[in-house]
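Working notes for the structure below.
Note: hydrogens, waters and symmetry copies are ignored here, and every other heavy atom, side chains too, is used. Counting starts at 1 for both ligands and their atoms, following the listed order. Since the model is a prediction, treat every value here as computed from it, not as a measurement. Numbers for residues simply follow the sequence, beginning at 1.
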Amino acid sequence: MSATHAPTPVRLTAVDGPDQPAVTPALEALYRGFEQELLVPLWTEIGDLMPAHPRSRAVPHLWRWEALRALAAQAGEIVPVGRGGERRAIALANPSLGGRPFATPTLWAAIQYLMPGEDAPEHRHTQHAFRFVVEGEGVWTVVGGDPVPMRRGDFLPQAGWNWHAHHNATAEPMAWIDGLDIPLQYATEAQFFEFGRDAISDAERTTPDRSRSERLWAHPGLRPLGSAPVTPGSPLLAYKWAFTDRALADQLAVEAEGYGGTVEPGHAAVRFTNPATGADVLPTIRAEMHRVVRGAETAPVRETGSSVYQVFDGSGTVTVGDRAWSVTRGDLFVVPSWQPFSARSEAGATDSDTSGGALDLFRFSDAPVFEALRLDRQEVTR
Ligand code: GTQ
Ligand code: FE2
């Protein structure tokens, strides 16, 4: 089935300009001829089509977690989750992307909410996805038949075309964020989607403390010889907070002993990687956790490609291009392509953090795509 599209006419306006031909009746006639034949010359478009440096349609924007969670809880009361709609997921819509549910031109970011005892039905799609948990627990995501617990601080990748369902096994509602490459795949016009079974099996509805994937793949530097990765992303389905936290704390301790190891003074960071390859955890999405110690400030950096951040713990000020916000736990914000970003960690009015005063920032981006296309560039702007 193909949609019918009304053809969009070409409209060319002859304008006076330094690099434009003289506006004459002959030029007007030429442009009418171009319109007739659906032709557009480069000389009227080049500034827009081939800018000197990246220009993002997306703008920096901040969403407050408190507001998101309240609306998701409201949705929990009145919007059922089931086959067809598939997920009670509510996406961040960048204010300059035409009302589309796109956080950036390439990335989807949503809050998802499951009520006690609820099931999100099984499906699969080509879009690469992950979950990140800023608070709560009680949901198991079942990926390829493997039930994986979701708890605060856990990062759970799920590469495209894996069957997946989620179920809340507790008496409390749970919220988390999803990141997917939906806008990128939308632009590629190469997506596929399939419904799975209406209900998962009793074995898949169990609530183990660790998934099979973790028991096989979550041993640093140890590759299981009997188990080959079966997906285009990481075979490890959960990166538990205890490991991430310890990696960051150890990095800062090694730095304090005078041996480096951090990105810059007071700024520790780790990337979530595929334990079978060392590459990014998903083909199209990079994910990292950053820790900025109290009082430290990161150097402003701009990069091609876009990012979404969620404050995991602590508070501080983040600066994105010409915007700056005081942020606290759960807040989400967008860094568009080539906009400088920096973060300062400082005490906040509503601090209840357990990070020793540090600002912990979860970040995901489209960097693997830009690296594959050799379009990755980075610049410190100070
Ligand atoms: O949980 O499977 O936010 O398929 C968007 C699409 C979540 C999911 C989203 C999805 C999912
Ligand atoms: Fe899904």
Side-chain angles (χ1 to χ4, degrees), residues 63 65 68-69 71-73 75-76 79-94 97 100-104 106-115 118-134 136-151 154-169 173-188 190-200 204-205 211 231-234 237-238 281-285 287 308 310 330 332 334 362 364 366:
W63 290 261
W65 180 246
L68 258 56
R69 187 185 39 201
L71 287 164
V79 180
V81 58
R83 186 53 86 209
E86 300 297 291
R87 300 292 186 260
R88 190 185 290 112
I90 307 154
L92 310 185
N94 192 290
L97 295 179
R100 302 292 293 163
F102 299 164
T104 80
T106 55
L107 298 170
W108 164 281
I111 180 171
Q112 186 168 162
Y113 202 84
L114 266 190
M115 297 293 276
E118 269 185 341
D119 281 289
E122 187 183 57
H123 67 207
R124 65 175 175 177
H125 38 73
T126 49
Q127 288 84 358
H128 303 294
F130 71 81
R131 333 262 157 230
F132 179 71
V133 185
V134 75
E137 56 182 49
V139 168
W140 271 255
T141 182
V142 183
V143 180
D146 190 7
V148 195
M150 295 171 56
R151 303 191 178 112
D154 296 350
F155 170 78
L156 304 102
Q158 174 223 293
W161 215 236
N162 280 292
W163 291 109
H164 57 285
H166 320 305
H167 66 99
N168 187 338
M174 184 179 167
W176 66 90
I177 65 160
D178 300 310
L180 289 91
D181 59 2
I182 289 174
L184 175 76
Q185 291 211 20
Y186 189 83
T188 66
Q191 319 101 304
F192 292 89
F193 182 100
E194 268 180 21
F195 295 126
R197 298 159 299 170
D198 282 334
I200 56 174
E204 289 164 305
R205 193 175 291 283
S211 62
T231 80
S234 177
L237 299 177
V281 79
L282 292 166
T284 55
I285 296 177
V308 179
Q310 185 174 35
L332 289 138
V334 159
F362 171 73
F364 68 102
D366 50 16

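- If you look at Gln112 next to ligand 1, the close heavy atoms, those under 4.0 Å, all belong to the side chain.
- Contact annotation: His123 has at least one heavy atom less than 4.0 Å from an atom of ligand 1.
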| query | Given the rule in the side-chain contact (heavy atoms from CB on, under 4.5 Å) test, do Val308 and Leu332 qualify, once you have shown the distances and angles that lead to the verdict? | reply | CA-CA 7 Å; Val308 179; Leu332 289 138; 4.2 Å; yes

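- Of the heavy atoms in Arg131, only side-chain atoms (C-beta onward) come closer than 4.0 Å to ligand 1.
- In this structure, Phe193 places its CZ atom where more than 12 heavy-atom neighbours from other residues, nucleotides or ligands lie under 6.0 Å away.
- With respect to atom 6 (C) of ligand 1, the closest heavy atom belonging to the protein is Leu180 CD2, 3.9 Å.
- With contacts defined as side-chain heavy-atom distances shorter than 4.5 Å, the pair Trp65/Gln310 qualifies.
- The aromatic rings of Trp140 and His167 sit parallel to each other, their planes meeting at less than 30°, with 60° as the upper class boundary.
- The minimum heavy-atom distance linking Tyr113 with Pro173 is given by the pair OH-CB, 3.3 Å.
- From the protein, the heavy atom lying nearest to atom 7 (C) of ligand 1 is Asp178 OD2, 3.3 Å.
- Atoms of ligand 1 found under 4.0 Å from any heavy atom of Ala110, numbered from 1 in the order shown, are 3 (O).
- A perpendicular orientation is assigned to the rings of Phe192 and Trp161, their planes being inclined by more than 60° (bins at 30° and 60°).
- The nearest pair of heavy atoms linking Gly84 to Glu86 is N-OE2, 2.7 Å.
- In terms of protein heavy-atom proximity, atom 8 (C) of ligand 1 is closest to Arg87 NE, 3.0 Å.
- Atom 1 (O) of ligand 1 has His166 NE2, 2.7 Å as its closest protein atom, hydrogens excluded (heavy atom only).
- With hydrogens and angles left out, the side-chain atoms of Gln185 and Thr126 include a donor and acceptor closer than 3.5 Å.
- Listed by chain and number, His123 NE2, His125 NE2, His164 NE2 are the protein N/O/S atoms closer than 2.8 Å to the Fe ion (ligand 2), with waters left out.
- Nearest heavy-atom pair, His166 versus Val139, reported as atom, atom and distance to 0.1 Å: CB-CG1, 4.1 Å.
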| task | Please test Asp366 against Leu184 for side-chain contact (heavy atoms from CB on, under 4.5 Å), starting from the C-alpha separation and ending with a verdict. | result | CA-CA 9 Å; Asp366 50 16; Leu184 175 76; over 6 Å; no

